[in-house]
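Each chain gets a letter, A, B and so on, in the order the sequences are listed, and its residues count up from 1. What you see below is based on every heavy atom in this structure, not just the backbone, and it leaves out hydrogens, waters and symmetry mates. Nothing here was measured: the structure is a model prediction, and the numbers come from that model.
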2 protein chains.
Amino acid sequence: MSTAAARHQRLHAELRSRICLLDYPPGTRLSETALADEFGTSRTPLRRVLARLEDEGLVESRHGVGTLVTDVDLARMEQVYGLRLHLAELVGHLDPAPVTAEVLAGIAGYVARGTALVASPDARSFAQLNMDYHGFGLSLTDNLPLRSTAERLYFLTARIWLQSIPRMDLASECAIFLSEMQDTAAALATGDTQAAAAIRRTHIAMSVTRMAR
Amino acid sequence: MSTAAARHQRLHAELRSRICLLDYPPGTRLSETALADEFGTSRTPLRRVLARLEDEGLVESRHGVGTLVTDVDLARMEQVYGLRLHLAELVGHLDPAPVTAEVLAGIAGYVARGTALVASPDARSFAQLNMDYHGFGLSLTDNLPLRSTAERLYFLTARIWLQSIPRMDLASECAIFLSEMQDTAAALATGDTQAAAAIRRTHIAMSVTRMAR
DNA sequence: GCAGTCAGAGTTGTACACAACAGTCTAGCT
DNA sequence: AGCTAGACTGTTGTGTACAACTCTGACTGC
């Protein structure tokens, strides 16, 4: 693989992570020159990354003003959630991946991380774990376009939970999350990816209703 | 709207159309300088467009070689079709748009174009009509992410029909297409967008099985 | 005759200088 | 005092020169 494409992927994932973990809160002005300087490159390859983030709806470049992190609210994102629910369900029906020992080891690891999170709740750790866990959930299907589509939509809504957590009970959210992972582990132990996908779907739906309060 | 963004949209739509109508068959080497010259701009804005097309999977840039139109075959695209089927169905369930007089006028127009197509069948005209009609079908939902996602996946598979038509019966395909549009017109006349979406879904599915032969 | 090598053309990737633009602050006039 | 014009600063968008890379083909040595 060419190093240029690899660097592009790295920068894209890094900036996307910063945006979705609210290191760059909505409205933040990202400086192309500052970022290029930080990553030891010129503006040109960096603009390639920002362009992709703009196509994905995470930033918005305005001539003469700056590159602004987009603002998101639950109302505008409800359409995305409506679609995400169905896609989560589809993971269990469209080219489901065989449940290998590797998969079982993966879910066990997430249960462990979830247990640790419940022991010492932290909003940012929750968000990071949720992000990683979403990637794991996508690995349950071999349907590549489904994966990339669901990923795209996930990162579009990922920030909302962190924005809403001040109005919610963090400890309770962590416990619910761990509970979901445990249920998923049980489903995967029997090789039932459909059940795992259904669990994910209902979890997302309930999470939305809790945030909407 | 800034003229820069507008031009970007224009060039993107134009190149995408050329690729999906096989003006640029798979494997074609697109020259950045030649395209920049044709559109009266420099390589920089044009590369922005090509980057987007690459993210969408329609072209692939290789350093020192060129920007190649991607190759697609039905086998690799079956995953995309599997997803498209469900999304087509969702158009009728997720934020369905009210059936206005404008919508009815739209479908009537497409039936007319379909009738003309049956009168004098032509592969390229079919493909163009199919492309426009797909956009119309998306207008039946107000769910924006569903629209953009379905559009993205459509253009990923749009070329396959034109590639397969030499092994199929063009007149028969045109008749089937017209029949679908007439059924859709009847469904929309009763305000039943769910039925319209279901018709679209079954049509896509049957089209795939015919192409697979 | 054949294989290896090297030079050349053509391409995309990168860096940088400059143009275009938006917002702000100040100076000057009324 | 208030208001307007204009310069100034900082940003993104564009153009262009050059670097990095791939492939081809001819040439040279054996």
Hey, does [Y] have a side-chain heavy atom less than 4.5 Å from the side chain of [X]?
X	Y	result
B/Leu15	B/Leu35	yes
A/Leu94	B/His86	yes
A/Leu21	A/Met131	yes
A/Leu129	A/Phe177	yes
B/Arg16	B/Leu53	yes

Is it the case that the side chains of B/Thr67 and B/Arg47 hold a donor-acceptor pair, with the cut-off being a distance below 3.5 Å and no angle test?
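No.
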
Ion pair A/Arg159/A/Asp71, N-O distance below 4.0 Å:
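Salt bridge flag = no for A/Asp71 with A/Arg159.
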
For the pair [X] (side chain) and [Y] (backbone), establish whether a donor and an acceptor sit closer than 3.5 Å, ignoring hydrogens and angles.
X	Y	value
B/Gln163	B/Leu74	no
A/Glu32	A/Arg43	no
B/Thr141	B/Leu138	no

In whole angstrom, what separates B/Glu60's CD from C/dT11's P?
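That distance rounds to 17 Å.
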
Among residues 24-44 of chain A, which contact DNA chain D at a heavy-atom distance under 4.0 Å?
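The stretch gives A/Leu30, A/Glu32, A/Arg43 as the residues lying under 4.0 Å from the strand, ordered by number.
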
For A/Ala197 and A/Ala88, work out which heavy atoms get closest and say how close.
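Shortest heavy-atom separation between A/Ala197 and A/Ala88 comes out as CB-O, 3.4 Å.
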
For a quick test of reading the model, state the closest non-hydrogen atom pair linking A/Gly92 to A/Gln194 and the distance between them.
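In this case the closest contact between A/Gly92 and A/Gln194 is O-CG, 3.1 Å.
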
Range on DNA chain D touched by chain A, heavy atoms, distance below 4.0 Å:
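Span of nucleotides near chain A: D/dG10 to D/dT14.
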
Does anything in residues 126-135 of chain B pair up under side-chain hydrogen bond (donor to acceptor under 3.5 Å, both in side chains), and if so which pairs, sequence neighbours excluded?
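For residues 126-135 of chain B, and leaving out neighbouring residues, the side-chain hydrogen bond (donor to acceptor under 3.5 Å, both in side chains) pairs sorted by first residue read B/Arg113-B/Asp132, B/Gln128-B/Asp132, B/Tyr133-B/Thr184.
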
If you round to the nearest 0.5 Å, how far is CG of B/Asp95 from CG of B/Leu140?
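Between B/Leu140 CG and B/Asp95 CG, I get 13.0 Å after rounding to 0.5 Å.
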
How many angstroms lie between atom CZ of A/Arg76 and atom OG1 of A/Thr70, to the nearest 0.5 angstrom?
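A/Arg76 atom CZ to A/Thr70 atom OG1 measures 9.5 Å (nearest 0.5 Å).
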
Rounded to 10°, tell me the angle between the two end axes of the helix from C/dG1-D/dC30 to C/dT30-D/dA1, each built from five pairs.
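Computed from the C1' atoms at both ends, the axes differ by 20°.
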
Between the protein and nucleotides 20-25 of chain C, which nitrogen or oxygen pairs are less than 3.5 angstrom apart?
unit_1	atom_1	unit_2	atom_2	d
C/dA20	N3	A/His63	NE2	3.1

Show each protein N/O and nucleotides 6-9 of chain C N/O combination with a separation under 3.5 Å, one pair to a line.
none

